Amino acid sequence: MNRLLLLALVLVAGCATKPPSSDQIVPAPADRLFSHQVSVGGGSFTVTRDVGSMGGGCPLAVLVAGQVAGEVRTGEQATFHLPAGETIIGVVPAGKGLCSAGDQNRHRNESSLVLKPGEHRRYRAGIDADGSPFLRPTTL
């Protein structure tokens with residue numbers, strides 16, 4: 001029984017995502033960046049997608065004010081430009097089939113971002129062990 005529990009823990013730990021090292025990060029391709037790509041004299045934020053097997057085959061849509069601004073896959077990062085002030089940003093599973101995760105509003109993860117002129121913030125995105133997407137501030 002203990003061996004079975006140990007095997008289960010190793011398998012779950014193997015599925016966990018982690019921030020990519022600097023040599024693993026690549027820019028998201030321009031054809032998956034739909035809006036907020038031009039500076040508007042406000043601030044900006046960068047989303048870096050975790051690496052690892054949990055949800056790794058499915059893109060995450062980056063939301064700005066509830067609209068899809070781009071998509072990131074594992075190890076990719078994208079920068080978005082916003083006016084100064086408060087904006088709601090988030091992530092939701094994207095794609096078709098299993099990647100759509102059914103009711104996307106149920107799997108949406110959003111938070112408030114307040115930017116000052118010239119300010120830049122960094123966020124880490126990925127999929128938690130329970131299959132929920134996350135978007136968290138980071139210094140990485």
Side-chain angles (χ1 to χ4, degrees):
M1 181 67 169
N2 286 340
R3 287 184 183 184
L4 185 58
L5 179 60
L6 180 61
L7 177 61
L9 288 173
V10 167
L11 289 175
V12 169
C15 292
T17 63
K18 63 181 182 179
S21 60
S22 60
D23 62 327
Q24 291 176 301
I25 298 172
V26 297
D31 66 339
R32 281 194 276 113
L33 301 176
F34 312 126
S35 65
H36 302 283
Q37 294 302 294
V38 177
S39 177
V40 291
S44 61
F45 72 100
T46 297
V47 175
T48 302
R49 174 81 186 266
D50 272 8
V51 294
S53 60
M54 180 59 78
C58 299
L60 284 179
V62 178
L63 306 173
V64 174
Q67 302 298 311
V68 176
E71 291 181 359
V72 289
R73 295 189 177 145
T74 57
E76 291 182 344
Q77 79 176 16
T79 298
F80 302 92
H81 301 276
L82 301 173
E86 182 178 17
T87 305
I88 303 297
I89 62 170
V91 290
V92 67
K96 297 181 182 187
L98 293 175
C99 291
S100 69
D103 178 10
Q104 290 196 337
N105 288 328
R106 188 176 64 139
H107 296 283
R108 182 181 288 229
N109 182 309
E110 294 177 306
S111 62
S112 173
L113 169 62
V114 178
L115 286 172
K116 298 175 186 169
E119 186 175 21
H120 181 79
R121 299 271 189 91
R122 299 186 65 76
Y123 286 82
R124 186 181 152 206
I127 306 287
D128 279 328
D130 67 357
S132 300
F134 67 81
L135 182 68
R136 298 180 182 127
T138 186
T139 59
L140 300 175

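Not measured: the values here are computed from a predicted model.
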Q: Determine the minimum heavy-atom distance between Cys58 and Ala94, stating which atoms define it.
A: CB-O, 4.4 Å
Q: Applying side chain to side chain donor-acceptor pair (under 3.5 Å), can you list everything that pairs with Ser112, at least two apart in sequence or on another chain?
A: Glu86
Q: Pair Ile89, Leu63 - check side chain to side chain contact (heavy atoms under 4.5 Å, CB included), show working.
A: CA-CA 5 Å; Ile89 62 170; Leu63 306 173; over 6 Å; no
Q: Output all residues satisfying side chain to side chain contact (heavy atoms under 4.5 Å, CB included) with Val26, sequence neighbours left out; order by chain, then residue number.
A: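 For Val26 the side chain to side chain contact (heavy atoms under 4.5 Å, CB included) partners, ignoring immediate neighbours, are Glu76.
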Q: Check for a donor-acceptor pair, side chain of Gln24 on one end and backbone N or O of Ser22 on the other, with a separation under 3.5 Å.
A: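 A pair under 3.5 Å: no.
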Q: Please find the pair of heavy atoms, one from Pro133 and one from Leu60, that lie closest to each other, and give the distance.
A: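 Residues Pro133 and Leu60, closest heavy atoms: CB-CD2, 4.0 Å.
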Q: Would you check if the side chain of Asn109 reaches a backbone N or O of Gly90 as a donor-acceptor pair within less than 3.5 Å?
A: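 Answer holds: no.
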Q: Only counting residues at least two apart or in another chain, list the ones meeting side chain to side chain contact (heavy atoms under 4.5 Å, CB included) with Glu119.
A: Leu115, Lys116, Arg121
Q: If you take all heavy atoms of Ala125 and Val91, which pair is closest and at what distance?
A: CB-CG1, 4.2 Å
Q: About how many Å separate OH of Tyr123 and OG of Ser111, when rounded to the nearest 0.5 Å?
A: 5.0 Å
Q: Please enumerate all residues that pass side chain to side chain contact (heavy atoms under 4.5 Å, CB included) together with Thr46, with sequence neighbours excluded.
A: Thr48, Gln77, Thr79, His120, Arg122
Q: Once side chain to side chain donor-acceptor pair (under 3.5 Å) is applied, do any residues pair with Asp50, and if so which ones, sequence neighbours excluded?
A: Thr17, Arg124
Q: What pairs with Glu110 under side chain to side chain donor-acceptor pair (under 3.5 Å), at least two apart in sequence or on another chain?
A: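 Arg108.
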Q: Kindly state each residue pair satisfying salt bridge (Lys or Arg N to Asp or Glu O under 4.0 Å) with at least one member in residues 131-140, sequence neighbours excluded.
A: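 Listed by first then second residue: Asp128-Arg136.
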Q: Same cluster or not: Leu33 versus Val47, using hydrophobic residues (I, L, V, M, F, W, Y) connected whenever any side-chain heavy atoms lie under 4.5 Å apart?
A: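 They do share one cluster, since a chain of ILVMFWY contacts under 4.5 Å joins Leu33 to Val47.
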Q: Output, in order, the C-alpha distance, side-chain angles, deciding distance and verdict of side chain to side chain contact (heavy atoms under 4.5 Å, CB included) for Val68 and Phe34.
A: CA-CA 7 Å; Val68 176; Phe34 312 126; 3.8 Å; yes
Q: Write out all pairs satisfying ring-ring contact (aromatic ring centres under 6.0 Å, His included) with one or both partners inside residues 70-95, taking only residues at least two apart or from two chains.
A: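 Listed once each, the pairs are Phe45-Phe80.
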Q: Compare every heavy atom of Val40 with every heavy atom of Pro83, then report the nearest pair and how far apart it is.
A: N-CG2, 3.4 Å
Q: Scan for salt bridge (Lys or Arg N to Asp or Glu O under 4.0 Å) pairs involving residues 58-69, sequence neighbours excluded, and state none if there are none.
A: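 Checked against salt bridge (Lys or Arg N to Asp or Glu O under 4.0 Å) - neighbours excluded - no pair reaches residues 58-69.
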Q: Take Leu82 and Leu113 through the test side chain to side chain contact (heavy atoms under 4.5 Å, CB included) and record every step on the way to the result.
A: CA-CA 10 Å; Leu82 301 173; Leu113 169 62; 4.0 Å; yes
Q: Can you sort out the partners of Asp23 under side chain to side chain donor-acceptor pair (under 3.5 Å), two or more places apart, ordered by chain and number?
A: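 For Asp23 the side chain to side chain donor-acceptor pair (under 3.5 Å) partners, ignoring immediate neighbours, are Ser21.
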Q: Can you see which heavy atom on His36 is nearest to which on Ala69, and at what distance?
A: CD2-CB, 3.9 Å
Q: Locate the shortest heavy-atom distance separating Pro20 from Ile25; write the atom from each residue and the value.
A: CG-CG1, 3.6 Å
